[in-house]
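Take a look at the following structure, please.
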Amino acid sequence: MSLYCGIAFRGKSFCCYRLLSTYVTKSRYLFELKEDDDACRKAQQTGAFYLFCSLAPLLQPSGHQYLVPRLNLLELERLLGKFGQDAQRIQDSVLIGCSEQHEAWFALDLGLNSSSSTYASLPKSELETELKGSFVELRKALFQLNPVDSSLLFTAQSLLRWHDDHQFCSRSGQPTKKNMAGSKRVCSSNKIIYYPQMAPVVITLVSDGTRCLLARQHSFPKGLYSALAGFCDIGESVEDAVRREVAEEVGLELERLQYSASQHWPFPNSSLMIACHATVKPGQTEIQVNLRELEAAAWFSYAEVAAALKRKGTYIQQQNQSFPFLLPPKLAIAHQLIKEWVEKHACSSLPN
């Protein structure tokens, strides 16, 4: 889908028509909603709202999956009215995206009782009864959501948490106020603007050519092994962070590394996962586990990892079986790194 769009250049009525993609028009529309409070308020009239309670999204079970119900503005106003709350509370919502048809999507948390809000939190159990669903901790529901819903809920939870954590200016101590879309907060005293941020994290799959290195932390579910990961330090490049994390956690020095992809991850407090492949120096494969960082780390063969990738059933179903180790679920970028390594190894093993 695309459309022709007239472009004004440097304030002149300059009609230069070109074909704009759906992606461009959608991006421009979201930009307008973030910058113009009136436009965002108007978009709420025909938009859809995802509800949260204390950062847990409203979900409805459907077999082995969760559905994510949405309310339109009229339904949300009726719900608030039943609980004795004013429709003005909708201004606490945040913009999280839109459809190709420009239906704007918002998220609203009815359970947070922030000091910057004049509204009390609503009773969770009564809300669940009224809405015929449950507010489920996002981390627990993670593996029962489809990719589109999980991405939206990741964005929503991260924005809602950020606003709850940044109600006051770090310079003046005075309250900050969000704009209608929730794309920024402004200090009421000195007008400093605060924007939502993500913490950069490198996640690296290390290989010695025939094996890949997987590790687990104490907090991981039983049997789960994943790629090495850690936050970037101030002043570091991605390359610096990858080399340092591998040296710190498993005592290995890298020969080369290659960027793969990135992913927003909401846990624990909104991170940008930067995924890389890396190869250790020849003959330097002895692992020295840093027990302050990891519970265990080991080399795994291509056959072991390929077999783990081929297992049937959902991640939760696999947890209930006696496998020697588990890999991250498909939703996680660590799974993508491991899958890429297996596919590359399989291709290199084919006869010419």
Side-chain angles (χ1 to χ4, degrees), residues 137-144 150 154 199-233 241-254 257 260-269 271-280 284-342 345:
E137 185 181 336
L138 185 54
R139 189 186 287 271
K140 294 180 179 179
L142 190 60
F143 311 122
Q144 294 166 269
S150 63
F154 281 6
V201 174
V202 290
I203 179 164
T204 309
L205 187 65
V206 178
S207 172
D208 67 354
T210 60
R211 303 174 297 176
C212 72
L213 191 153
L214 300 174
R216 58 173 284 106
Q217 298 177 0
H218 296 279
S219 59
F220 282 9
K222 183 180 178 181
L224 176 66
Y225 278 76
S226 185
L228 300 176
F231 290 96
C232 295
D233 284 347
V242 168
R243 295 182 187 279
R244 175 185 53 76
E245 281 293 333
V246 172
E248 283 181 358
E249 295 191 348
V250 292
L252 295 175
E253 190 171 347
L254 299 179
L257 61 92
S260 172
S262 63
Q263 178 187 38
H264 170 242
W265 195 249
F267 314 112
N269 290 304
S271 300
L272 176 62
M273 308 297 292
I274 305 166
C276 299
H277 291 280
T279 306
V280 294
Q284 298 185 17
T285 59
E286 183 181 349
I287 299 171
Q288 297 177 345
V289 178
N290 184 342
L291 295 177
R292 291 186 178 183
E293 295 282 340
L294 302 174
E295 181 180 278
W299 291 106
F300 290 82
S301 69
Y302 163 78
E304 290 175 308
V305 178
L309 281 176
K310 292 178 181 178
R311 291 174 190 151
K312 303 298 183 181
T314 65
Y315 179 75
I316 292 178
Q317 289 170 337
Q318 289 187 31
Q319 281 184 306
N320 296 327
Q321 300 182 47
S322 56
F323 293 119
F325 69 99
L326 297 174
L327 295 178
K330 293 179 180 179
L331 191 62
I333 200 167
H335 184 98
Q336 177 179 323
L337 278 174
I338 295 167
K339 184 179 179 183
E340 287 175 350
W341 179 79
V342 167
H345 192 282

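Counting from 1, the numbers follow the sequence of the chain as shown.
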Check your understanding: Who passes salt bridge (Lys or Arg N to Asp or Glu O under 4.0 Å) against Glu304, sequence neighbours left out?
Key ->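 Residues passing salt bridge (Lys or Arg N to Asp or Glu O under 4.0 Å) with Glu304: none at all.
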Review point. From Arg311 CZ over to Leu327 CG, what is the distance, rounded to the nearest 0.5 angstrom?
Key: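 The distance works out to 6.5 Å.
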Point to revise | Under the side chain to side chain donor-acceptor pair (under 3.5 Å) test, residues paired with Ser260 that sit two or more places apart | key: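 Scan of Ser260 (side chain to side chain donor-acceptor pair (under 3.5 Å), adjacent residues dropped) gives Glu340.
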Point to revise | side chain to side chain donor-acceptor pair (under 3.5 Å) involving Ser207 - partner list, sequence neighbours excluded | key: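 By the side chain to side chain donor-acceptor pair (under 3.5 Å) rule, Ser207 matches Trp341.
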Review point. Taking only residues two or more places apart in sequence, or in another chain, which ones meet Arg216 in a side chain to side chain contact (heavy atoms under 4.5 Å, CB included)?
Key: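 If we apply the side chain to side chain contact (heavy atoms under 4.5 Å, CB included) test to Arg216, skipping adjacent residues, the hits are Phe220, Leu224, Tyr225, Glu295, Ala296.
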Review point. For Glu286, what residues pass the side chain to side chain donor-acceptor pair (under 3.5 Å) criterion, not counting sequence neighbours?
Key: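 Scan of Glu286 (side chain to side chain donor-acceptor pair (under 3.5 Å), adjacent residues dropped) gives none.
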Exercise for review: Nearest 0.5 Å please: distance from the SG atom of Cys232 over to the CD1 atom of Ile274.
Suggested key: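 Rounded to the nearest 0.5 Å, the SG-CD1 separation comes to 5.0 Å.
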Review point. Can you name the salt bridge (Lys or Arg N to Asp or Glu O under 4.0 Å) partners of Glu248, sequence neighbours left out?
Key: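 Testing Glu248 for salt bridge (Lys or Arg N to Asp or Glu O under 4.0 Å), a comparison that skips the adjacent residues, returns Arg244.
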Check your understanding: Taking only residues two or more places apart in sequence, or in another chain, which ones meet Ala261 in a side chain to side chain contact (heavy atoms under 4.5 Å, CB included)?
Key ->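 With neighbours one apart ignored, the set is Ile333, Gln336.
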Check your understanding: Taking only residues two or more places apart in sequence or in another chain, which ones pass salt bridge (Lys or Arg N to Asp or Glu O under 4.0 Å) with Arg139?
Key ->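 In terms of salt bridge (Lys or Arg N to Asp or Glu O under 4.0 Å), with neighbours along the sequence ignored, Arg139 is linked to no residue.
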Exercise for review: Output all residues satisfying side chain to side chain contact (heavy atoms under 4.5 Å, CB included) with Asn290, sequence neighbours left out; order by chain, then residue number.
Suggested key: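 Only Arg292, Glu293 meet the side chain to side chain contact (heavy atoms under 4.5 Å, CB included) criterion with Asn290.
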Check your understanding: What residues form a salt bridge (Lys or Arg N to Asp or Glu O under 4.0 Å) with Arg211, not counting sequence neighbours?
Key ->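 Only Asp208 meet the salt bridge (Lys or Arg N to Asp or Glu O under 4.0 Å) criterion with Arg211.
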Review point. With Phe154, which residues qualify under ring pair (Phe, Tyr, Trp, His ring centres under 6.0 Å), at least two apart?
Key: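 If we apply the ring pair (Phe, Tyr, Trp, His ring centres under 6.0 Å) test to Phe154, skipping adjacent residues, the hits are Trp265.
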Practice item. Name all residues meeting the side chain to side chain contact (heavy atoms under 4.5 Å, CB included) criterion together with Ala229; count only those two or more places apart in sequence or in a different chain, and write none if there are none. Key: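 In terms of side chain to side chain contact (heavy atoms under 4.5 Å, CB included), with neighbours along the sequence ignored, Ala229 is linked to Val201, Ile203.
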